[in-house]
> 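Structure provided below as structure tokens; questions to follow.
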Amino acid sequence: LRYSFVVRWFQYRVNRGILETSTINKWDPTADIKCTFCKRSDEEIRHLLWDCTITKGFITEVKEILHNKWPNFYWRNDIKWFLFGDTSKSHATSDRFPIVCIIRHLYSQKAMGKKPCIETFRKWFASELYEYKQATKVKNSAVNLEFLKKNEFINIDERIAR
């Protein structure tokens, strides 16, 4: 259930352009609107999750790890695909799941006022994978990540953490 709610709500806010950033700050409209990571550009969704130099460097590192550890990891260097995915497919697929996790991790680091760090991501992502793999064991679970049951994903959480 957690995957369905958390991911769908997060993706909904990205899709609608209402994901809170420094330029969309409903709590303090007088706050600094510069990017939490680079402090150079206004922090809009596109900048924070795609254009920022800190984000780009982080994504490059994550892509390298996932290409080495994630079976059949797929990447398209396209902002619409990265942020919105293939609108005709679910976000609970083996090719979309890691991308959604990258975006969520970037945003969580922004929320904590920290720059994204590859080691922090590795631990967080491994933990997410482990949690979702456990949820797939529950009969009638709302979690739809059946791909994690395939042999190629055995110990994926441990491989990512290393």
Side-chain angles (χ1 to χ4, degrees), residues 1-27 33 35-38 41-52 54-63 65-67 69-118 120-136 138 140-150 153 156-157 160:
L1 187 62
R2 181 176 172 267
Y3 181 81
S4 294
F5 177 75
V6 170
V7 173
R8 286 179 182 181
W9 174 240
F10 184 82
Q11 191 66 53
Y12 174 84
R13 293 183 301 156
V14 170
N15 292 356
R16 299 287 186 254
I18 59 172
L19 187 68
E20 191 172 309
T21 63
S22 296
T23 56
I24 305 172
N25 187 336
K26 60 186 171 191
W27 304 110
I33 62 170
C35 175
T36 301
F37 301 151
C38 72
S41 297
D42 289 356
E43 188 180 89
E44 296 173 342
I45 295 170
R46 178 187 171 115
H47 175 81
L48 179 71
L49 301 176
W50 186 258
D51 293 331
C52 175
I54 305 294
T55 297
K56 283 185 181 291
F58 173 76
I59 288 173
T60 299
E61 286 184 82
V62 171
K63 280 192 312 192
I65 289 167
L66 292 177
H67 277 295
K69 309 274 185 177
W70 187 269
N72 303 314
F73 176 68
Y74 175 76
W75 177 266
R76 225 168 69 196
N77 197 29
D78 174 66
I79 187 171
K80 287 183 181 177
W81 171 83
F82 181 74
L83 292 180
F84 308 116
D86 183 344
T87 55
S88 66
K89 293 182 181 177
S90 167
H91 289 289
T93 61
S94 62
D95 60 340
R96 187 66 188 157
F97 178 76
I99 304 304
V100 173
C101 285
I102 292 168
I103 295 169
R104 286 181 49 229
H105 183 73
L106 280 165
Y107 190 72
S108 72
Q109 294 302 287
K110 172 260 184 296
M112 292 186 287
K114 298 179 178 179
K115 290 183 180 176
C117 164
I118 201 67
T120 303
F121 175 78
R122 279 178 182 266
K123 291 175 188 167
W124 176 83
F125 190 50
S127 172
E128 289 286 293
L129 285 166
Y130 177 79
E131 186 177 316
Y132 291 130
K133 282 174 74 177
Q134 296 307 307
T136 63
V138 176
N140 298 325
S141 171
V143 175
N144 183 14
L145 297 172
E146 291 298 312
F147 67 87
L148 290 174
K149 291 182 178 179
K150 294 179 181 176
F153 290 99
I156 186 70
D157 46 324
I160 294 290

> Which heavy atom of Ile54 sits nearest to which heavy atom of Pro116, and what is that distance?
CG2-CD, 3.7 Å
> Within this structure, what is the CZ-CH2 distance for the pair Arg96 and Trp81, rounded to the nearest 0.5 Å?
6.5 Å
> If I compare all heavy atoms of Phe153 with all of Pro71, which pair ends up nearest, and what's the gap?
CE2-CD, 3.7 Å
> Side-chain contact, heavy-atom cut-off 4.5 Å: Asp157 with Tyr132?
no
> Residues in side chain to side chain donor-acceptor pair (under 3.5 Å) with Lys149, at least two apart?
Glu146
> Would you call the rings of Phe121 and His105 parallel, tilted or perpendicular, taking 30° and 60° as the class edges?
perpendicular
> Side chains of Asp95 and Asp86: closer than 4.5 Å at any heavy-atom pair?
no
> Can you tell me how far the CZ atom of Phe84 sits from the CD atom of Gln11, to the nearest 0.5 Å?
7.5 Å
> Quick one: does Leu106's side chain get under 4.5 Å of Leu48's, heavy atoms only?
no
> Does any part of the side chain of Ile18, heavy atoms only, come nearer than 4.5 Å to the side chain of Tyr12, both counted from C-beta?
yes
> I need the Tyr74 OH to Ile99 CD1 distance, nearest 0.5 Å.
10.0 Å
> Using a 4.5 Å cut-off on heavy atoms from C-beta on, say whether the side chain of Ile59 contacts that of Lys56.
no
> Sort and list the pairs that fulfil side chain to side chain donor-acceptor pair (under 3.5 Å) and have at least one residue in residues 106-116, not counting sequence neighbours.
Glu43-Lys110
> What residues form a ring-ring contact (aromatic ring centres under 6.0 Å, His included) with Phe37, not counting sequence neighbours?
none
> Tell me the closest heavy-atom pair linking Lys133 and Ile156, and the distance in Å.
NZ-N, 4.0 Å
> Could you state the interatomic distance from CG (Leu19) to CG (Leu49), rounded to the nearest 0.5 Å?
6.5 Å
> Is the shortest heavy-atom distance from the side chain of Ile160 to the side chain of Leu66 under 4.5 Å?
yes
> Check step by step if side chain to side chain contact (heavy atoms under 4.5 Å, CB included) holds for Trp50 and Thr55.
CA-CA 6 Å; Trp50 186 258; Thr55 297; 5.7 Å; no
> Please lay out, stage by stage, how Phe125 and Ile65 fare under the test side chain to side chain contact (heavy atoms under 4.5 Å, CB included).
CA-CA 12 Å; Phe125 190 50; Ile65 289 167; over 6 Å; no
> Can you check side chain to side chain contact (heavy atoms under 4.5 Å, CB included) on Asp42 and His47, steps first, answer last?
CA-CA 8 Å; Asp42 289 356; His47 175 81; over 6 Å; no
> May I ask you to test the Trp124-Cys101 pair for a side-chain heavy-atom distance under 4.5 Å?
yes
> Mind checking whether Phe147 and Asn72 have side chains closer than 4.5 Å, heavy atoms only?
no
